[in-house]
Amino acid sequence: MKVVFLGPPGAGKGTQAQRMAKRFAVSHASTGDIFRRAMAQGLRLGLEVADYLDNGKLVPDELTSRVVAEMVIESVEDYILDGYPRTIQQARDLERMLLERGEALDGVLFFDIPEDAIIERLTGRRICAQCGANYHIVFMPPAKSGICDRCGGELRVRSDSSEQAIGKRLAEYREKTLPLVEFYDQKNLLRRVDATAEPDEVTRRTEILLRDVLMSRQTGT
Ligand code: AMP
């Protein structure tokens, strides 16, 4: 399975990608997670991308595509790409990388949600300072406020979840990522998921769509 999860920040695509990766036993390849992990580990990549992430700006296409090529396309067979591609240039890079290997995308799921719902979601995001697990104070709260269920670490507001950074991320999304909906629709790869429903319902619908994507691949329809 080679699929892309597309959508604005805060659409819940990361949570769904995590769940689907488990259900279909494929890799969850999140560029945001890769960058944050590199920052937390003090790697050179982390230093290169920190300013962009802290300011809600996109990391340059060339660097992002290089990281995806090395860590995903060339090293994993089945994956859900979460947060990549985010620009038309990245989508072209991805197409070329796959083509060179005689591969192709099976489908693109677009998690559709209006902006006011996004803002409510993003300001409530928390992340564990120790292990990186994600929470939300309303939609996915930890058992004990401020404490990670998984490792007992301290939960913090993500550095890119201030109102100012959110505004910038949404503007970047509108300008650079939204055109991908049209791009993939024209290639007949796009399927829409209504991401305003509650998480378990979105999971149910996402799973149905993914099964459908796999079926069409097998039957070639
Ligand atoms: P995410 O966790 O997907 O919201 O990503 C967090 C941040 O990582 C984004 O705001 C960008 O700064 C950076 N990032 C993640 N994926 C990409 C990408 N495909 N292209 C450029 N920047 C990215």
Side-chain angles (χ1 to χ4, degrees), residues 2-18 20-21 27-41 43 45-73 79-98 105 108-111 113 115 117-119 121-129 131-136 139-140 156-181 183-184 195:
K2 300 186 198 317
V3 294
V4 165
F5 278 16
L6 182 66
K13 63 184 183 332
T15 303
Q16 299 303 334
Q18 220 164 12
M20 290 305 122
S27 287
H28 171 208
S30 154
T31 37
D33 284 351
I34 292 172
F35 292 148
R36 277 186 293 274
R37 219 176 300 132
M39 282 163 67
Q41 293 172 351
L43 303 180
L45 173 65
L47 296 175
E48 281 174 333
V49 302
D51 262 3
Y52 298 103
L53 270 85
D54 288 345
N55 291 298
K57 309 267 296 172
L58 290 184
V59 173
D61 290 333
E62 210 219 308
L63 175 57
T64 306
S65 291
R66 197 162 6 108
V67 168
V68 171
E70 267 171 40
M71 300 186 68
V72 188
I73 313 298
Y79 44 79
I80 296 171
L81 277 170
D82 163 20
Y84 180 92
R86 254 174 156 104
T87 64
I88 294 282
Q89 181 58 50
Q90 290 179 12
R92 294 208 177 103
D93 291 344
L94 175 61
E95 213 166 36
R96 179 183 39 77
M97 291 189 270
L98 290 170
L105 276 184
V108 176
L109 264 53
F110 172 49
F111 292 79
I113 183 171
E115 281 204 7
I118 294 172
I119 291 166
R121 287 187 182 190
L122 287 181
T123 46
R125 274 189 179 179
R126 299 292 179 271
I127 189 163
C128 174
C131 75
N134 283 296
Y135 296 89
H136 191 285
F139 304 111
M140 240 202 312
R156 301 218 178 117
V157 176
R158 260 169 56 165
S159 61
D160 58 2
S161 288
S162 70
E163 295 231 7
Q164 205 189 10
I166 290 169
K168 275 194 205 153
R169 287 170 72 200
L170 282 177
E172 289 264 80
Y173 170 77
R174 241 179 277 126
E175 185 194 337
K176 296 178 180 157
T177 310
L178 205 53
L180 291 179
V181 173
F183 179 90
Y184 284 124

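Values below: every heavy atom of this structure, side chains too, minus hydrogens, waters and symmetry copies. Atoms within a ligand are numbered from 1 in the order they appear, just like the ligands themselves.
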What atoms of ligand 1 come within less than 4.0 Å of a heavy atom belonging to F35?
8 (O), 13 (C), 14 (N), 15 (C), 23 (C)
Taking N or O atoms only and a 3.5 Å limit, does G83 qualify as a polar contact for ligand 1?
yes
Identify, by atom number and element, the atoms of ligand 1 in contact range of Q90, meaning under 4.0 Å from any of its heavy atoms.
18 (C), 19 (N), 20 (N), 21 (C)
Number the atoms of ligand 1 from 1 as they appear, then name those within less than 4.0 Å of a heavy atom of K57, with their elements.
11 (C), 12 (O)
Quick one: does D82 get an N or O within less than 3.5 Å of an N or O on ligand 1?
no
Euclidean distance, D82 CG relative to M20 CE, rounded to 0.5 Å
12.5 Å
Does any N or O atom in R125 lie less than 3.5 angstrom from one in ligand 1, N or O only?
no
Ligand-side contact atoms (ligand 1) for residue partner R36, heavy atom cut-off under 4.0 Å:
2 (O), 6 (C)
Any residue meeting salt bridge (Lys or Arg N to Asp or Glu O under 4.0 Å) with R92, in chain and number order, not counting sequence neighbours
none
Within this structure, what is the CD1-OH distance for the pair I118 and Y173, rounded to the nearest 0.5 Å?
7.0 Å
For K176, all residues meeting side-chain hydrogen bond (donor to acceptor under 3.5 Å, both in side chains), sequence neighbours excluded:
E172
N134 side, atom CG; I127 side, atom CD1 - distance, nearest 0.5 Å
4.5 Å
Residue part near ligand 1, for R169, under 4.0 Å between non-hydrogen atoms:
side chain
CD on E115 to CG on L170, rounded to 0.5 Å
4.5 Å
Ligand 1 to P85 polar contact by distance, N or O atoms, under 3.5 Å
no
Is the closest N or O pair between D33 and ligand 1 shorter than 3.5 Å?
no
dist R96:CZ -> D93:CG (nearest 0.5 Å) comes out at 5.0 Å
Please report the interatomic distance CD(E95) to CZ(F183), rounded to the nearest 0.5 Å.
4.5 Å
Check whether the side chains of S65 and Y84 place a donor and an acceptor atom closer than 3.5 Å, and report yes or no.
yes
Indicate yes or no: does an N/O atom of R86 lie under 3.5 Å from an N/O atom of ligand 1?
yes
Could you tell me whether T64 approaches ligand 1 through its side chain, its backbone, both or neither, with non-hydrogen atoms closer than 4.0 Å?
side chain
Among A91, P60, G32, which one puts a heavy atom closest to atom 5 (O) of ligand 1?
G32
